[in-house]
2 protein chains.
Amino acid sequence: MKFHQLRYVHEVVRQQLNISAASEALHTSQPGVSKQIQLLEEELGLQIFQRNGKRLIGVTEPGRKIVALAAKVVLEMQNIKRVGDEYSREDTGELTIATTHTQARYRLPAAVKQFMAQYPNVKLTIHQGNPAQVTEQVASGEADIGIATESISKDERINCLPCYEWNRCLVVPPEHPLLKSNELTLQALARYPLITYDFAFTGGTLVSKIFHDAGVQPNVVFTAIDADVIKTYVNLGLGIGLIANMAYDAVRDAPLHSLDCSHLFPNSTTYLGVRRDAFLRDYMLNFITMLSPQYDKRTVQHALHQV
Amino acid sequence: MKFHQLRYVHEVVRQQLNISAASEALHTSQPGVSKQIQLLEEELGLQIFQRNGKRLIGVTEPGRKIVALAAKVVLEMQNIKRVGDEYSREDTGELTIATTHTQARYRLPAAVKQFMAQYPNVKLTIHQGNPAQVTEQVASGEADIGIATESISKDERINCLPCYEWNRCLVVPPEHPLLKSNELTLQALARYPLITYDFAFTGGTLVSKIFHDAGVQPNVVFTAIDADVIKTYVNLGLGIGLIANMAYDAVRDAPLHSLDCSHLFPNSTTYLGVRRDAFLRDYMLNFITMLSPQYDKRTVQHALHQV
DNA sequence: TCAGGTTACGCCTGGCGTAATCATG
DNA sequence: CATGATTACGCCAGGCGTAACCTGA
C-alpha cells in the first residue's frame, strides 16, 4: 500500500469521481492514477469505487471508510511536511483564512497588514463565505484558520477560541422616523422593511430566535452576505439595515445614521477555529495573536490543543 | 516522503533508537532503514534523531513531532488494512486483549470460549498487566481492547464503555475471629494484617481513599497482582485477603471463607476501552457484545465512536 | 463522436541487499 | 574487539508517461 495511492483516491473523491480531473490536479498522467487505484483495490481485496462500465459512479460502503481514512493520512502527511517547513525554511509558506465578509472587511485588515509586514514571504489567501462554508473549509483542510460566529464552534472536527464579542446596529437613512423615537424596540423595528445578512435568519440563529421569542415577525425584504451591499440598499431607501456594529463608521457611511441595538440582542461572539488535528505553523499562531492580542501564543496553543 | 520512511522512524523509536533492532523487526536490511531515515531527514530539512557520531542518542525537538505524526499515520494505515480484511477475508485476523489478572481469570473465560468457537480463525492473544499497563497497551495500539477498572476511562486517547459493576469481599481462613463478629467494619478490618492487590493502594485509588477518608490505617502486609496468589497466602495464615468478589468461589476456594464488603466500599466499574481512532473489526465488536451482553453491537459502535 | 477510463509497453527512478568501512564503548 | 551506523554499488521491482484501445451517453 503506497501513500500515493491514498492521495489519488482522496483527490478522485474531491474531484467528484473524475479521474482525469484528479490526475490533472495531481500533475500526473491519467492512466497512472487509474492503475494505482486498481492496485490499491486489488491489494485491499475490495472495490473502493462503484463502476458503471468504466465510469466511476459512486463510492462503495467499505470505500467510504477507506476514503475517510485516506483523508486523515493525507492530512497527517501535510502536517509532517509543515513540521519540516517550520524548522527549516522559517517564515515562508502559506496561510489560508476562511471568514465571512464582515470579518474580512472590518476586523481582519489591521491584523493582516501587521502580518504581511512581519511575514513578507508567506502567501496569504482569504476565502470568503458564509459561516457554514467557513466551517467546511476549515474542517476539510482547505483553510488553515476559520473566523466566524458561533456555528463554527459547534463542529466536532474543529477546535475553537473565542475571539471577541460584538453586537448589532441599525443603519437608517437620514430623517428616518426611528431616529426621533426615544427607545428602539423590536416592535418598532419590525414596522419597517428590514435588510440584513442572508444567514441571519437561517438555521435558528440568534437574531431570528430573539424575534421569534418576542413574538415579533420582522419584515425582511432583502438579504445579502455583505454589509456594504446592505448599506447601499438602505441608501436607496429600500429599508433599514441590521448589521454588525463594527461595519458602521459615521464618517465613511454618511449620510446614513446608526442606532445601537445592543439592548435588543445579546452579544455575539466571533470564534476562531482550526481543524482538530492540524499542525499550526509558528506564523499561524502569531497571526492569531495579532488578531486577538488578549491571548498570548502559549494560551492559544493550549486552547487549540496544539500540544 | 514515503510511507516506509515513517514506518522506519516509528519502529526505530519503538526499539529504543536501535536501527539494527528496528530493521530486524521490519524484516529488512539495516542499511536500508538507515538510508531511508536519512533521506526523510534530508527531504524535511531537519534532524529527527540526535546522533553522537553514528549512534542515535535521542530524538530532537522537531523529531518528537514527526515521530508523533508518523505514529498516527502508521495507525491509520493499519486501520485501512483492517477495513480491507474486514470486507474480504472475513472472520480471520487477530484480536489482542489487554487486561488485569482478575478479569482474565474470572470474567473473560466465558466470553473467550464463546468467541473462539465462533471465530476459530482469529488468533486471540491476552496480555496481562496492571491497569496502567493495560491503558498504555491500548493507547499505543499494541492491544485492540483493554479491560480494566476506572483508570483506563480517564485516558484521553481511549474511548470507553462501562462493562459491569463489582465489589470486594474479604477472604479469611476458617475459624477467623471476623467470622463471629456480627458486622464487618473498616476498623475491624484494619486490626488484621491485610493482603490485597498491589495497585489497590497506588495513585489514590478507591480503596485507599475509603480508608483514608475514614481515618483508618489498614495494615497492608503483602500485595500481589493476583487473587490466586493472595488466597494462597491467606491460606498460609499470613493475613486476610481483600479481593474482587468474583474471584471467590466457596467450593473451589475451600477451606477459605468470604465476607462480603459491599457495604464498606462503593461499587467499582470495569471499563472496556479501545484506542480513540482504531478501526474495530466486526469480530472485535462481537467479542465486546459477548463480554457485555447488555449492549448490542449498534450501542457498542456508537459508544466507542466507531461512526 | 467525444469524454472519460483501461490496457500495453518501454524507460528509468529509487529501494533493497551484500559487502566493505567507520565510529563508539 | 564487538556492536552498531554509514557508504558503495549493482540488481531489479514498480511507477510513470506515451500511445493505443475500449465504452457509455
Side-chain angles (χ1 to χ4, degrees), chain A residues 1-60 63 66-67 70 73-74 77 80-81 84, chain B residues 1-60 63 66-67 70 73-74 77 80-81 84:
Chain A
M1 179 169 19
K2 304 284 175 293
F3 172 57
H4 269 155
Q5 299 172 332
L6 299 181
R7 288 206 351 153
Y8 289 1
V9 167
H10 179 66
E11 190 62 33
V12 167
V13 172
R14 265 175 50 92
Q15 302 285 347
Q16 287 93 51
L17 307 180
N18 183 325
I19 294 189
S20 305
S23 64
E24 195 131 331
L26 292 162
H27 307 295
T28 185
S29 72
Q30 191 252 32
V33 176
S34 182
K35 186 85 174 295
Q36 289 308 312
I37 289 180
Q38 287 174 56
L39 285 175
L40 178 62
E41 290 186 323
E42 190 183 325
E43 181 177 348
L44 295 177
L46 54 79
Q47 293 270 111
I48 296 173
F49 297 107
Q50 288 169 337
R51 291 170 173 80
N52 186 359
K54 298 192 169 186
R55 305 281 162 118
L56 306 194
I57 56 163
V59 179
T60 64
I66 303 285
V67 167
V73 171
V74 169
M77 292 299 247
I80 290 175
K81 252 200 173 351
Chain B
M1 180 168 18
K2 303 284 175 294
F3 172 57
H4 270 154
Q5 299 172 331
L6 299 182
R7 289 206 350 151
Y8 288 2
V9 167
H10 179 66
E11 190 61 32
V12 167
V13 172
R14 266 175 48 92
Q15 302 285 348
Q16 286 94 52
L17 307 180
N18 184 324
I19 293 188
S20 306
S23 64
E24 194 131 332
L26 293 162
H27 307 296
T28 184
S29 72
Q30 193 251 32
V33 176
S34 182
K35 186 86 174 295
Q36 290 307 313
I37 289 180
Q38 286 174 56
L39 285 175
L40 177 62
E41 290 185 323
E42 190 184 324
E43 181 177 348
L44 295 177
L46 55 78
Q47 293 271 111
I48 297 173
F49 297 107
Q50 288 168 338
R51 290 171 173 78
N52 187 358
K54 297 194 167 182
R55 306 282 162 119
L56 306 193
I57 56 164
V59 179
T60 64
I66 303 285
V67 167
V73 171
V74 168
M77 293 299 245
I80 290 175
K81 249 198 174 355

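Below, chain A is the first sequence line, B the second, and so on; all start at residue 1.
- Taking atom CG of residue Leu56(A) and atom C1' of nucleotide dT23(D), one finds them 14 Å apart after rounding to whole Å.
- Heavy-atom contacts from other residues, nucleotides or ligands closer than 6.0 Å to CD of Gln15(B) number more than 12.
- Remark: Gln30(A) is not in phosphate contact with dT6(C), judged by side-chain N or O atoms under 4.0 Å from OP1 or OP2.
- Close to dG14(C), at under 4.0 Å from its OP1 or OP2, lies no side-chain N or O of His4(B).
- Between Asn52(A) and dG24(D) there is no side-chain polar atom (N or O) within less than 4.0 angstrom of OP1 or OP2.
- The distance from atom CD of Glu43(A) to atom CD1 of Ile80(B), rounded to the nearest 0.5 Å, is 10.0 Å.
- Closest of all the heavy-atom pairs between Glu41(A) and Ile48(A) is OE2-N, 2.7 Å.
- Comparing dA5(D), dT7(D), dG4(C) against the side chain of Pro31(B) picks out dT7(D) as the nearest.
- Within the 4.0 angstrom heavy-atom criterion, only backbone atoms of the sugar-phosphate kind lie near Leu17(A); the bases stay farther away.
- In this structure, CD of Glu42(A) is placed 14 Å from P of dT6(C), rounded to the nearest angstrom.
- Expressed to the nearest 0.5 Å, how far CZ of Arg14(B) lies from CZ of Arg7(B) amounts to 11.0 Å.
- At the heavy-atom level, Phe49(B) lies nowhere under 4.0 Å from the strands shown.
- For the segment residues 32-39 of chain A, the set of residues with a heavy atom within less than 4.0 Å of an atom of DNA chain D comprises Gln36(A), Leu39(A), in numerical order.
- Exactly one of Asn18(A), Leu56(A), Leu26(A) qualifies for a side chain to side chain contact (heavy atoms under 4.5 Å, CB included) with Val12(A). That residue is Leu56(A).
- One atom, NE2 of His27(A), and another, C1' of dG15(D), lie 18 Å apart when rounded to the nearest Å.
- Distance CZ (Arg7(B)) to P (dG15(C)): 15 Å, rounded to an integer number of Å.
- Summarising the geometry, the separation between CD on Gln47(B) and C1' on dA5(D) is reported as 14 Å, rounded to the nearest angstrom.
- A close approach under 4.0 Å does occur between a side-chain nitrogen or oxygen of Thr28(A) and OP1 or OP2 of dG17(D).
- When distances are taken from the side chain of Asn18(A) to each of dG4(C), dG15(C), dC16(D), the shortest belongs to dG4(C).
- Between the CD atom of Glu41(B) and the P atom of dA5(D) there is a distance of 13 Å, given to the nearest Å.
- Here the shortest heavy-atom pairing between Lys81(B) and Leu44(A) reads CA-CD2, 4.3 Å.
- Picking from dC22(D), dT6(D), dT3(D) the nucleotide with the shortest atom distance to the side chain of Lys54(A) gives dC22(D).
- The shortest distance between the side-chain N/O atoms of Tyr8(B) and the OP1/OP2 oxygens of dC16(C) is below 4.0 Å.
- For CD of Gln47(B), the number of neighbouring non-hydrogen atoms (other residues, nucleotides, ligands) closer than 6.0 Å is greater than 12.
- Between the side chain of Arg51(B) and the base of dA5(D), no donor-acceptor pair of N or O atoms lies under 3.5 Å.
- Nucleic acid contact for Ser20(B): sugar-phosphate only, since backbone atoms but no base atoms lie under 4.0 Å from a heavy atom of the residue.
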Residues Val74(B), Met77(B); criterion side chain to side chain contact (heavy atoms under 4.5 Å, CB included); working and verdict: CA-CA 5 Å; Val74(B) 168; Met77(B) 293 299 245; 5.7 Å; no
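- For the pair Ile57(B) CD1 and dT24(C) C1', the computed distance is 12 Å after rounding to whole Å.
- One atom, CZ of Arg55(B), and another, P of dA2(D), lie 14 Å apart when rounded to the nearest Å.
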